[in-house]
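First up is the structure itself, then whatever we jot down about it.
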Amino acid sequence: MRGSSLILMLGLAAAAAAVQFVAPNSTTLLTLILAKGIAVLGIVVLLQAGQVSFGHAMFFGVGAYAAAFLGRWMGSGELLSFLVLGTLLSGIFGLVVGLFVVRYREIFFGMLNLAFSMVLWSLLEKMFHYTNGADGIRVARPTLLGQTFSPQNSELVLFYMTLFLAFVATILVQRYLDSPLGNMLRAIKSNETRLEYLGVSPQRVLLFGYVVSAVLGGIGGVLVAVAQQIATPEFAFWTKSGEFVFIAILGGSGHALGAFAGAAVFELVRVYASAYLENTWQLILGVVLIVIILFAPNGLVGLFRRAQQAKDS
Amino acid sequence: MDSTIIILAAMDGVAYAALVFLVSVGLSLIFGVLRIVNVAHGSLYAYGAYVAASLALAVSGISPWLTYPALIVASILVGVLIGGAMEYFLLRPVYGREEVLQLLITFAVFMIMDNVQRLIWGVQPISMAVPLTLLPNVEIFGVNYTSYQVILLPAVALLALAGLRYFLRYTLSGAVILAVTEDREAATAIGIDAKRVFLITFIVGASLAALGGALASPTTSLLPGMGTEMIVLSFAVAATAGLGQIEGTAVAALMIGLARAFAIYTYPEFEVLVPYLIMVLVLLIRPQGLFGVNRVRKI
């Protein structure tokens, strides 16, 4: 990673940490943005290989329910154990599903992902006895390292934890994408056959990327479930998957930071549109998406780069 | 399981399959020609249903029999106006662009249509059962059922299947569509207007989805989420058959419709699960679908 983008990231992280002093009420919103951004990072990873998963919310759902079940079982729960379990389960789930889906490309890849996610969604919705169906499972405020916090402090703790994880995830993902393995992932998009001629198995390269993206989705799911204090089947529904792909394209898949930029714009539009213009946030987001696709296909990261180039020249 | 339940489930399944077929075949046709998976397809289904219900309620005061033409008019209106505008203004600029962007633009349309639908018709269930009650009930193997669902719906579905088959195989316009699907450049070179073909195909596909919704409107109450559920279900059917397979879609719709109906009577908690389970199993074994042809891999 280049030094300049590390500095940029540190600056952004510091800014995010500072925002909650200026506007303390925005802590939960910031947490949601960062947590969703982590899940969207997973989509960005797969987009490098040119593959779109229209079912990635399943890992988001796995993470959320991992936290919910563990929390119910332990009484209140420990944030770190939620995260560990969420990571493990989504990783294993990603590996199993990945073994099947990495054999397919393009529309087949997308559809098979969709099918798997809908199977999970209908199980969560219908196994009422275990999952409470559409009502979901409440996630109690977890402790951190055994410490209990007041509701307000608990929000802060979760925010800093999310900020930290988002920071680490961005660095690791960017390093991964810049590594030989990440370059091979990109080669799947540009020319998969050549990859085979080099003696590399594209399936294995994609599987690694798939598991990485599944884990990112799972961690995002744990954090959002804890922030919203509930896990529902909606977490794994196809519209959620569509939302992630939307955010990835909105932010731009050129840099890992795009995921967070996209998530910030998405959530801000959602919050402000539903506050000031009643019941039209979906409409507004749809229009934003169309404008981005038609006029700025490289997303916010692309716009930022274009502005930078114009300044340099 | 006694025989009455088997017959009941079979009739439920056939009626449901007929509706799902109309929607899925539209999706499949659009994919076959334009190579775009239309995520807003379920919204077209929902709009077909809502517009049909509104129109039918408006004319039912004059004569209840006018509700039948109202269903047809509603589906053509939705198909031509919404479908046509969608292809012309939104899809046309993204042909040849990345697949993600094509998919996402239809997702954007889905978000907008979903929202506008709530704004126009609200979130309260709407029901309009006039066409259903006009036709008499029939008794099949001792089981009483509405002839609207067990005769009219399958008849319309079969008519659509035969019509599409005839249109694509035996008419000049059909041959033109197939030519564009097969090789767009060569077709354009011999003077075929590929843009027009895309527009017409999309309108036909959209009208089929709207027709499915219009015909479904008397049988169920209309709810905000109906399009969201239908889109994945029609995906499941179209993918199980193999995208672009017209006849295969009919078989897959019947298969999934029956399986779902039997699940409702035996293990109701698996009703939603069944279609997706079938889809996963079929795609794992035959990713190109039951009736799809294996595509040669491009280097």
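Treat the numbers as computed from the prediction; the structure is a model and nothing was measured. Below, read A as the first sequence line, B as the second, and so on, with proteins coming before strands; counting in each chain starts at 1.
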* Which residue pairs pass the side-chain hydrogen bond (donor to acceptor under 3.5 Å, both in side chains) test when at least one of the two sits in residues 220-236 of chain B, sequence neighbours left out? -> none
Counting only heavy atoms closer than 4.5 Å, note whether [X] contacts chain B via side chain, backbone, both or neither.
{"X": "A/Leu47", "value": "side chain"}
{"X": "A/Phe246", "value": "both"}
{"X": "A/Arg103", "value": "side chain"}
{"X": "A/Val52", "value": "side chain"}
{"X": "A/Val288", "value": "neither"}
{"X": "A/Glu243", "value": "backbone"}
{"X": "A/Leu114", "value": "side chain"}

* B/Phe107 side chain near A/Phe54 side chain, heavy-atom distance below 4.5 Å -> yes
* Asked: Between A/Lys126 and B/Val272, is any pair of side-chain heavy atoms under 4.5 Å apart?
  -> yes
Roughly how far, to the nearest 0.5 Å, is the [atom2] atom of [Y] from the [atom1] atom of [X]?
{"X": "B/Met111", "Y": "A/Leu283", "atom1": "CE", "atom2": "CG", "value": "9.5 Å"}
{"X": "A/Glu125", "Y": "B/Leu273", "atom1": "CD", "atom2": "CG", "value": "11.5 Å"}
{"X": "A/Ile290", "Y": "B/Leu90", "atom1": "CD1", "atom2": "CG", "value": "4.5 Å"}

* **Largest heavy-atom contact set with chain A, pairs under 4.5 Å, which of B/Ile112, B/Val116, B/Val37** => B/Ile112
* Most contacts with chain A, counted as non-hydrogen pairs under 4.5 angstrom, among B/Val39, B/Leu104, B/Val94 -> B/Leu104
* Go through the atoms of B/Leu119 and report whether side chain, backbone, both or neither lie under 4.5 Å from a heavy atom of chain A. => side chain
* To do: Taking heavy atoms only and a threshold strictly under 4.5 Å, list by residue number the residues of residues 274-285 of chain B that touch chain A; give 'none' if the list is empty.
  => B/Tyr276, B/Leu277, B/Met279, B/Val280, B/Leu283, B/Leu284
* Chi angles and distances behind the side-chain contact (heavy atoms from CB on, under 4.5 Å) call for B/Asn115, A/Leu285 -> CA-CA 10 Å; B/Asn115 200 155; A/Leu285 280 171; over 6 Å; no
* Asked: In this structure, are over 12 heavy atoms from other groups packed under 6.0 Å from B/Tyr95 atom OH?
  -> yes
* Asked: Does A/Arg194 CZ have over 12 foreign heavy atoms under 6.0 Å away?
  -> no
* Structure fact -> Sorted by chain and residue number, the salt bridge (charged side-chain N to carboxylate O under 4.0 Å, His left out) partners of B/Arg118 (sequence neighbours excluded) come out as B/Asp114
* Apply salt bridge (charged side-chain N to carboxylate O under 4.0 Å, His left out) to B/Glu98 and list each qualifying residue two or more places apart in sequence or on a separate chain. => A/Lys189
* Structure fact -> Looking only at A/Gly110, A/Gly50, A/Ala115, A/Ser117, most heavy-atom pairs under 4.5 Å shared with chain B are made by A/Ala115
* To do: Could you tell me which of A/Val101, A/Val119, A/Val245 has the largest number of non-hydrogen atom pairs under 4.5 Å with chain B?
  => A/Val119
* To do: Of all the heavy-atom pairs spanning A/Gly286 and B/Ala108, show the shortest one and how long it is.
  => O-CB, 3.5 Å
* Asked: Do any N or O atoms from the side chain of B/Arg97 and from the backbone of A/Ile293 form a donor-acceptor pair under 3.5 angstrom?
  -> yes
